[in-house]
Amino acid sequence: VSNAGVGMAGPLECQSLAAMQSLMDTNFFGLVRLVKEVLPDMKRRRGGHIVVISSIMGLQGIVFNDVYSASKFAVEGFCESLVVQALRFNVAISLVEPGPVMTEFETKLYEEAERADYSRTDPETAEIFTKLYLRNSRDVFTSLGQTPEDIAEHTLRVIEAARPPFRHQTNVAYTPMAALKHADPSGALITDAFYQLVFKYDAVLRFGLR
């Protein structure tokens, strides 16, 4: 089970390249190193199961989570490419894709975001992040967040499955988001939907979440 991860949220201009590279080294290359270590033995004995804790943000990018989403997209692409070869050796790969999870990980991330310096971006972007994004994020976590125990139960079901699924989303609230993306290959539908929710109907979004 690969569960290493660090987060990053905020305007892109305020994130250093060193911090981005460190995040990718943990979230993506940490998984790669693990798989390189265990896969040869699994292939030799023609059996095994690699379970990766991914994220719904590996399926759909979320505003102000650019680099974190990129790391999870990399995880998804890596596993999607590898799974076909792995099946030839009777090795299963499963991606567990939670939405928001109420842990100290997220609490610390958002506390740091509220204290951070946003002077390296323009005032409008800084205000959108601090006044819209952080406020909406709190409502999202309060209304849609799952507990670590809930994610552990989902992961256990994936591990114990007779035919392990390749992807397993833990929160049905995110099913419409995934469906929108698949419904329109151009990307216009999901992009417009998110734009409307963030910039035009954020009050409706917060009311609905509450």
Side-chain angles (χ1 to χ4, degrees), residues 2-33 52-79 97-145 171 174 177-178 180-181 184-206 208-209:
S2 175
N3 188 37
V6 292
M8 179 182 288
L12 185 66
E13 306 94 308
C14 300
Q15 314 294 346
S16 71
L17 282 175
M20 296 178 194
Q21 289 169 334
S22 177
L23 180 145
M24 291 297 293
D25 190 51
T26 299
N27 292 9
F28 176 61
F29 287 106
L31 168 64
V32 173
R33 287 192 290 269
V52 181
I53 307 301
S54 180
S55 169
I56 199 70
M57 281 194 254
L59 298 177
Q60 172 62 51
I62 301 295
V63 62
F64 290 120
N65 283 268
D66 324 89
V67 180
Y68 179 78
S69 289
S71 73
K72 292 301 184 179
F73 266 78
V75 164
E76 295 270 334
F78 174 73
C79 291
E97 299 163 335
V101 185
M102 297 175 291
T103 66
E104 291 181 8
F105 176 97
E106 280 78 14
T107 302
K108 182 181 177 183
L109 180 67
Y110 288 106
E111 285 177 351
E112 290 175 351
E114 288 173 346
R115 296 192 303 266
D117 174 19
Y118 299 112
S119 60
R120 284 176 289 175
T121 190
D122 59 276
E124 185 177 0
T125 300
E127 184 175 6
I128 291 168
F129 178 68
T130 56
K131 300 291 174 57
L132 283 180
Y133 174 82
L134 288 179
R135 181 176 57 182
N136 287 343
S137 292
R138 280 191 288 269
D139 290 341
V140 167
F141 271 86
T142 301
S143 60
L144 301 180
N171 194 325
Y174 285 87
M177 183 177 77
L180 272 180
K181 187 168 184 177
D184 178 13
S186 78
L189 189 61
I190 189 72
T191 302
D192 184 62
F194 270 100
Y195 184 88
Q196 298 288 339
L197 281 173
V198 172
F199 294 113
K200 291 193 174 182
Y201 302 115
D202 68 293
V204 175
L205 170 64
R206 291 199 311 278
L209 288 170

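Model, not experiment: these values are computed from the prediction.
Taking every heavy atom of both residues into account, Ser71 and Asn27 meet most closely at OG-ND2, 3.1 Å. Heavy-atom minimum distance, Phe64 versus Pro11: CD2-N, 3.8 Å.
Contacts of Phe199 classified as ring pair (Phe, Tyr, Trp, His ring centres under 6.0 Å), with partners at least two apart in sequence or in another chain: Tyr195. Residues that satisfy the ring pair (Phe, Tyr, Trp, His ring centres under 6.0 Å) test with Phe194, not counting sequence neighbours, are absent from this structure. By the ring pair (Phe, Tyr, Trp, His ring centres under 6.0 Å) test, Tyr174 pairs with no residue at all, sequence neighbours left out. For Ser2, the side chain to side chain donor-acceptor pair (under 3.5 Å) test picks out no residue, with sequence neighbours left out. For Phe28, the ring pair (Phe, Tyr, Trp, His ring centres under 6.0 Å) partners at least two apart in sequence or on another chain are Phe78.
Proximity of a side-chain donor or acceptor of Asp184 to a complementary backbone N or O of Leu189 within less than 3.5 Å is detected. A donor-acceptor pair is defined here as one N or O able to donate and one able to accept, closer than 3.5 Å; such a pair exists between the side chain of Ser69 and the backbone of Asn65.
Using modelled atom types and a 3.5 Å distance limit, the side chains of Glu97 and Ser54 yield no donor-acceptor pair.
Considering CD of Gln196 and OG1 of Thr191, their distance stands at 11.5 Å, rounded to 0.5 Å. Rounding to the nearest 0.5 Å places OG1 of Thr26 at 11.5 Å from CG of Leu31. In this structure, the separation between CE on Met24 and CG on Leu17 is 12.5 Å, given to the nearest 0.5 Å. Atom CD1 of Ile56 sits about 12.0 Å away from atom NZ of Lys72, to the nearest 0.5 Å. Between atom CE of residue Met57 and atom CD of residue Glu76 there is a gap of 12.5 Å, rounded to the nearest 0.5 Å. The distance from the CD1 atom of Ile128 to the OG1 atom of Thr121 is 9.0 Å, given to the nearest 0.5 Å.
Val75 has its side chain within reach of Val52: a pair of non-hydrogen atoms, C-beta onward, lies under 4.5 Å apart. At least one side-chain heavy atom of Val67 sits under 4.5 Å from a side-chain heavy atom of Leu12.
For residues 5-26, the pairs satisfying salt bridge (Lys or Arg N to Asp or Glu O under 4.0 Å) are Asp25-Arg33, with sequence neighbours left out.
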Original post:
Are Ile190 and Gln60 close enough, and set up right, to give a side-chain contact (heavy atoms from CB on, under 4.5 Å), and what steps lead you there?
Top reply: CA-CA 9 Å; Ile190 189 72; Gln60 172 62 51; 3.4 Å; yes
